[in-house]
Amino acid sequence: GGNGNQSNNGGTQSSGDGRSIESRFWEEWPVETKGESVNDEAVQFEYTAVEGQSVPSVTTHFAQSETPWMREFALTVQDSFNSVGVPVDLVNVQPSTRYGEFWRADIGHPVPVVMNLHGPDPQRGLDPNPFLMRAHPETGGNYYNYKNDEITELLDEQAQTIGDQEARAELCQEIQRKLSEDAYLIAANFPDVINVANTADWEGYVPTPGNGTTRDSFIWTQVNLQPQGDSTTWVKGVTAGMQGTNLPWSTGGLEEKRLLNVYDGLYDASPQLDIVSGLATGHEVVDDTTVEMDLREGVTWHDGEPFTPEDVKFSVEQYKQHTAPQQGPFYRTIESVEVVSTTGGGRVRFNLTEPDASFVTQRAVRSSIIPKHRWEDVDNPSEYNPDNPVGTGPFQFENWSQGQELRLSKYEDHWLWDDDTRRELIGEEYFVAGDGIDEMVVVNVGNVSTLIGSMQSGDIDAIGMTVSNQQADRASRADGVEKQTSPNYVPTDVHLNHIVPLFRDKTFRVALSHAFDKQSFVDNVLTGQGEAIDGQNLLTPLMTPFHGETEPYEYNPEQAKTMLEQAGYTFDSNDMLVWPEGDAWEAFDERVEHGHATRSELDQPDFS
Amino acid sequence: MSGYALDVETAKDRLQEELSRARRTLSVVLEDTSAKIGFAIIMAFVFVGLFGPYLAPHHPIEHTMRSGGSMMRLESPTAKAPMGTTSFGKDVFSQFLAGARPTLIVGLFGGIGTGVLGFLVGLTSGYFGGRVDEALMRLTDLTFALPFLPMALVILSFVSPNIWLITAVLVVFLWKMPARVIRSEVMTVKERTFVKSARARGAGHLRTMFLHVAPNVLGIGFLYTAYAFGWSIVAGASLAFLGFGDPTMTSWGRMLEQVFRAGAMRVAWWWVLPPAIGIAAVTTAVFLVGRAFEELVNPDLQTEQE
Amino acid sequence: MTLLEVNNLKITYETSEKDIHAVNDVSFSIGEQDNYGLVGESGCGKSTIAKTILGLLDDNGKVQSGSVQFKDRELVDLSENEWQDVRWEEISYIPQSAMDSLDPVMTVGAQIRQAIRKHKDVSKADADERVAEVFEIVGLDPARTSDYPHEFSGGMRQRVTIAMALALDPDLIIADEPTTGLDVIVQDKIIDKLLEIQDEVDSSMLLITHDVGVVAETCDEVSVLYGGKVMEQGATHDVFTNPTNPYTMGLQNAFPEVDEFDEQAISIPGSLPDLTAEPSGCVFRNRCPFSTTECEDGHPPLTANGGQLSACYYPEDVDTMREAATDPDTWGIDTGGDDETARDTGDVILETENLEKWFKQTQSLVDDLRGAEPDYVKAVNGVDLTVREGEILGVAGESGCGKSTLGEVIAALQPRTGGDIHVDGTSVDDLLEESTKKFRSQVQFIFQDPFDSLNPRQRVKDAVAEPLKIQGHDKETIDRRVRQTVSDVGLNPPEKYLDQVPAQLSGGERQRVAIAQALVLEPKLLICDEPASMLDVSLKANILNILRDMADERDIGIVYISHDLASLTQIANRLAVMYLGRVIEIGDTREVVKNPKHPYAASLLAASPKTDPSTNRQRVLLPGEPPNPVNLPGGCNFAPRCPKASAECRSTNPERDAFKDGDHEAACHFPVEDVDSELLAQYARERAGTEAQTADGEPVTESVEEA
Amino acid sequence: MSFRRFLIKRTAIAAILTLVAVSIIFATLRFLPSDPFSGLVASGSLTPEQVAELRAMYGLDEPIWIQYLKYIQNLFTFQFGLSLTEQRPVWSILGPALRNTLVLLLPALVTTAVVSSLAGMYAGWNRGSWFEQTGIITTTFFRATPIFVTGILLLIIFSYGLGWFPAFGMRSPVANPQGVTETYLSMDFLKHYILPFTATVLFYSGDFLMLARNSVVERKGSEFLKLHRAKGLSEMEQLARAGRNSLLPLVTYFALRTGMLFQGVITLEVVFAWPGIGRALVDAILNQDYPTVQAAVFIMALAVIVMNLAADIAYAKLDPTVEAGDV
Ligand SMILES: Nc1ncnc2c1ncn2[C@@H]1O[C@H](COP(=O)(O)OP(=O)(O)OP(=O)(O)O)[C@@H](O)[C@H]1O
Ligand SMILES: Nc1ncnc2c1ncn2[C@@H]1O[C@H](COP(=O)(O)OP(=O)(O)OP(=O)(O)O)[C@@H](O)[C@H]1O
Ligand SMILES: [Mg+2]
Ligand SMILES: [Mg+2]
């Protein structure tokens, strides 16, 4: 093991007639980021640039089952590569195995290009880190092997800029500009979140970005809904059921989302993607590695016991001790927790292992606090499935049958049932006053087709997942059913693996950016339900103040080809791209070696 | 073992004889009306399997049908798209034509592979008996015990599926069927006097096995190859339906998966029916012809013809 | 008074090609309490007639004309429902193969009870009582009514079917070849039973058989059928003492008797008539040595001749024909002119020494682990034999005594358990070690079933050439020798046969091809396992003659295995009789047959039926069945069934040469002097004594001891 | 005695087979490139160290052979371990799924075995009849067509087209039955039950029909039936006897089919969203939940092996002519 990145000078080897460059790690790479064998030998695929030869096809992974239009997206990617003369080998993979592959491979993506979707975790809409930090070489999520020292530095800096949100935002905006300018990946679009729900019987749907009105990631809709019809039970249909009732130690995603109706976190994200108070009502950054929080007063667990700071301390300690997968992001930078005071709601102090700017915005939002009095006797919390999970949340657990349904009922004592509090947290725009729903049922309905059927027949009140525009239109033909569209904060992106010589050439990346028709994809495939991204930026404009304006890359394949020719590439009779030769090759070699510089920065001539 | 080698002429003779036998058998089989219809369907299927991709008016996946610049989504059959379009504007007719080929490949090679492997195992096992038989039969028991679909799913989830791999996996799981039947048939044949007689005349095991025993179970072998053709199509389609088909190819099973996934089953009958009926028709056809053939080769069913 | 009257019956079978005229204008009648026989070769329509009387004709069979009157009621037009009443209550049936005529998953008692309760409204208990009754009548143990068919031996199953037939006291019992496929001793017992029953109950019986001997011994009246026609009809005695039809003569002569030594076997040349058209002339004319052009003019009518009716245009020539018919030459058989003295036998070609073949019985796992000695079926148990060049050694014995195993072990088709085999002075092991091929070229085997002994996919020439190909001969030699051999076995001209596939050949022809296959390598030793037993009488003789010729001309040593004693005595120089894996008597054929010394051999020989109805043979009512080969009693194997057995017999096993007279040896402490008094009379007495209670199967040693 | 010997031998073989089968399952699963935790690193929410801790918690860090031994050892006590994705004993996931599958398939199999066998016997008895021809062609169609295609066709006609039956699941979304009786004995359940039940019945009908028909045809020309007929038995009585004689292969086949039950209709469960073991297995495979996959496959293999054994025993017991040792 160990780091094996003794990058040999130049990276150009003479092989046979032409010189060639193979895929490899170009710099020292921090070992602990990936696995132990992150070195050039571990690179599992071959992608070699050979002087004067045709550019070979790039293997491109996509997972069709992620979303219905994924294959269409893959075809668009293929088109854009083809339009600059690069053949593409599209491979459809199983989404479940791919992550394991990335991680186990120790080399990030095991192929040159991978297409990706992201889940709508709330903190992805609150904090820039989940997306930006992926460009940092010490992040596990950096499977595109991007390493740009300038960026790394800025990233480190913003991460430690605690307390001064503006300063941090500015840093982040600069990072976005630089990344986009470097064309480090292709950020294609933010597809809208489309939901359907019954609006005749229910009023008060909250269109949260990324989550829409009915998905599981936020609780605003269900605490704001007011029955207009006979029933006070709101039924939401989904296609996948929860697997267990143990929130912190579950490994799927659904348990956490659905059970967050039962548990509260320290903070939450508002429909406007601001952080709002949850169990914590306020915080104070004592120093770089110390944060103190004031806890809400008068909160009780569903079994009637009072909520105390000890519960917070206990939760974090349990999570750390027993490695709770779902709470990993929360406790990751916490060194220890102290109870500072027990008066009022109480106050706790978090001692952090390192300065962490995202601690409140990212980590605390995804937290959930479990009752000490119920869990302290559990020997092995990772193998525990409470029959009756007790939290402090707005809903209390009623019943769950695996693969079938989850039934929750209103917990009257929760602060969100108070109209004023709710109005404050949700905002005037969406707030509807009233007693709210009595019961919420999440039923598992197998597949989309049947979901739509049950929606039309009135068996369910809402579909708890994104549907396609057409499906929404179809479903909303029924009386009282409406299509609801919300903006999104998770992008559709295309990862370019930076160990590939072709992608090490910034000129190529820029050219490719010009060859990708983002708008047409949104118009045609997404029927306009989405937003094409200006520049190569993963952060949505919704994410104020962190979002930074980035220069759009104009769609112009001809210009892209010209750029490539200027950089020394040529096109053969079939319009396929050919690696540079002679002097142009040396220039290419230099660009690859540098990785993030333009031709003009390197003083390279026009080879066309 | 000299005398085992067959000279070219005899081989040719034999081949010719077998061919004319096959032709005669076929004509007898085709006296059955349902077999005749089945045979016609199979021929049509083979034709589409061979030429379908060339006949398809559009690329089944990459071409997007548009009318007046906008994508033709989930449109019912029109002159432009005689079988309608998919939810992303692909031509169902082209997919249907192109989708026959993977189905044919899986069926054909799965069938032949299964038939040949099963035949050889059954022959060896039945002929030698004793320990060889015991070992081989335990092996078939084992493949019976290992559930086909789950195991195939597991395997295909770590090796990315391609059509040949799928075919191979099918063969690995299906050979047991013909093997068992052939074995029991061989056990009867090998007790027949002419086999003993061949041994008495000095024929070695290989000669006896392949010259005397094998030809007399060939009929059953073919029958099971035919059935395996059907099973392979079914199994291949099931895998594709569960999302483990060859992702680079449009097959009928995969078409069904996509309608199902797209949640369009309720509306897009034009998208569901062609692959569904295609699969049903071909497999049924294979089995109908197989049944008629079975009436001929299964000695137990001949009571009244005597 | 007539019970059944069949008039001008014509029956055809529809087939995909031409219709088969199976029965053409047959008439006969059966009186009350009569035993009526229908005899004739295979395919002559016997079963068809029987089935018609029961209304069980196959779906493609059709009664074209004629009538079947049963008790003055016309049966031909009955509906299926009406038939159900006639069947069994009035006419019952003993099927040909008791082996598979019983429902395998129903107890025998239940099957009989079912027949009773179907027709009579009686309680289950009453029915069971009747079942027990008929069981006793046929000599089965009533306690075994709740056993399944497979728990009975062939002979016992046949008795079950007889018991079933008796269950409702029918007026007529139709027995279709009730004894075919049974060992002679068992056959004798069954026939005895049938006759006894006939005496006791007042049913009539229609007995169908191809065995002239069986009819001759059992029936009062008989019809001889050929090609769906009655050839001769009349009192059995008349028909078989003075046959007036050439076919009857041929048929009778083709059935040799055990003590007709070395007579050239007679067979009727040619093959069965084509039944696809109604006969235009005498159906027998093609095979009849006396036929003239007149015989073409329609089938001759049945006319009275002597006491019987005969269908022949030449009733006046009966005497000359009868004379000529005993001479094989008449039937176109080349007698060659050699007589017994001309046959000199040469050097010893085969010698076995204490040959053993034991089959291990599966035993319990626990016993396996304990290392307990497993049980063995001693199929061949210490056999010493010698065969010389040009000599035919006959091996006789009842089913299961180890004949086939002996043959296969000698031919190295099965490994032996012990003992030695020398072929031409060399040990088989040495020969095999040297080369299997060479061994095969010296020792060849002919199997029982001619219909199955050829690969259906091989043409005659390929089949015969195969052994030569295996030996690696060149093409030309192969061609020449194949032709020669095919012609040698009487398939002339060879061209006619070379390209045929087995399906196109008759049974006799197939067996000849099989013989050619064996002979083409010019072996020194030939082992024949019942090569003719499945062939019709008229074909059997051909095969025997070919083998005899081969032995004489090519100096081949032959081991001829058969349970048909008559054919053995015709062909074999020496005869060995086996019982339970041992040779219990061996010697010159004539000696053994005339003067059997071992009680078992003597019983076996005495059990063959006689074709001459005037001889009054005493039946062999040998008690019991052969004991279970797994647990052989100590001492002489035959002792438990032997009326002469003493304590010594039961304790010490007699040596093969306990009796020795020159070549003639018998393994018996008390050699038989007079068969009738010492054995047959004893059997009968003992049977009479134990009849009432004794069931089948249980050896009745106690009573034997007293006697 | 010999029957006991036979039983011991068969059982021993079955046990060894099971062991080999589970070993193969174990080995195959270890080829999977990842486990559910890898995804957590990949998505950026956990550090590799945290994942390593998690893996250790589930014993995935131990040497393969130790994992193997533990796995085998646990199987002996029917402990399938803990699901990697669901934090509960695997059995509590598979148990209910298994019950749902059985509730669907067992009645369907029994129904089709009885009805189709009888129809098949009748068809065989009347060989060449209109009944036989149509019977064979229709059942061949349903036998040949993949069951999920049949399911889809049924859905299109009866659910989407005529709207008679619901298209998914085991009960209505809001139905909230308590207890076994309420779950399985309600109109609501029945409505959901009919289509998948019908698809299963149709699917299996072909095998039983052909088997029964062929056995009867085989028996029809037999001597013993001729004798039954000669005894004066009516057509139906004769057919009954022929049927009784054909029972053996049918019963054997029924046992074998029952053994294969769980693996046969995964696609059907997917189409109808039936919460059975097949679907549970597909989900577990997609989630790389080793213990659940192992257990589900083990149950399937065990079912086959046990039912094979049962078939052998039934064979030996039912057929009076078969000596147990011969089987
Ligand atoms: N179902 C049938 N269809 C066509 N031909 C038949 C059928 N049954 C019998 N035959 C033919 O009718 C003729 C007479 O047959 P039958 O069974 O009566 O002869 P058999 O004298 O009883 O012969 P065996 O001694 O062999 O029993 C034979 O040529 C036979 O091939
Ligand atoms: N392969 C075998 N395994 C076990 N026992 C056998 C085997 N072959 C023959 N036997 C037994 O050996 C004994 C002799 O059989 P064999 O076939 O030699 O008798 P056979 O005299 O030829 O009888 P048949 O006249 O009926 O042909 C019988 O009890 C038989 O059951
Ligand atoms: Mg007959
Ligand atoms: Mg024999």
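What you are looking at is a predicted structure, and each value in this text was computed from that prediction instead of being measured. All chains are named by letter (A, B, ...) in the order of the sequence lines, taking the proteins before the strands, and each is independently numbered beginning at 1.
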With sequence neighbours excluded, residues passing salt bridge (charged side-chain N to carboxylate O under 4.0 Å, His left out) with C/E129: none

Quick one: list whatever passes salt bridge (charged side-chain N to carboxylate O under 4.0 Å, His left out) with C/E89, sequence neighbours left out. none

Quick check for you: to the nearest 0.5 Å, what is the distance between [X] atom [atom1] and [Y] atom [atom2]?
X      : Y      : atom1 : atom2 : result
D/L233 : C/W88  : CG    : CH2   : 10.0 Å
C/E80  : D/S234 : CD    : OG    : 9.0 Å
C/Q114 : D/E237 : CD    : CD    : 7.0 Å

Whether over 12 other heavy atoms sit under 6.0 Å from D/F298 CZ: yes

Shorter than 4.5 Å, heavy atoms on both sides: which option in C/L102, C/I174, C/L54, C/L168 has the most such pairs with chain D? C/L102

Apply side-chain contact (heavy atoms from CB on, under 4.5 Å) to residues C/S101 and D/K226 and explain how you reach the verdict. CA-CA 8 Å; C/S101 290; D/K226 238 175 238 164; over 6 Å; no

Sort D/L225 into side chain, backbone, both or neither according to what part of it lies under 4.5 angstrom from a heavy atom of chain C. neither

Engaged part of D/E235 at the chain C interface, taking heavy atoms whose separation is under 4.5 Å: backbone

Of D/H228, D/R244, D/R219, the residue whose pairing with C/D103 passes side chain to side chain donor-acceptor pair (under 3.5 Å): D/H228

Shortest non-hydrogen pair, C/M164 vs D/K231, comes out as SD-CD, 3.6 Å

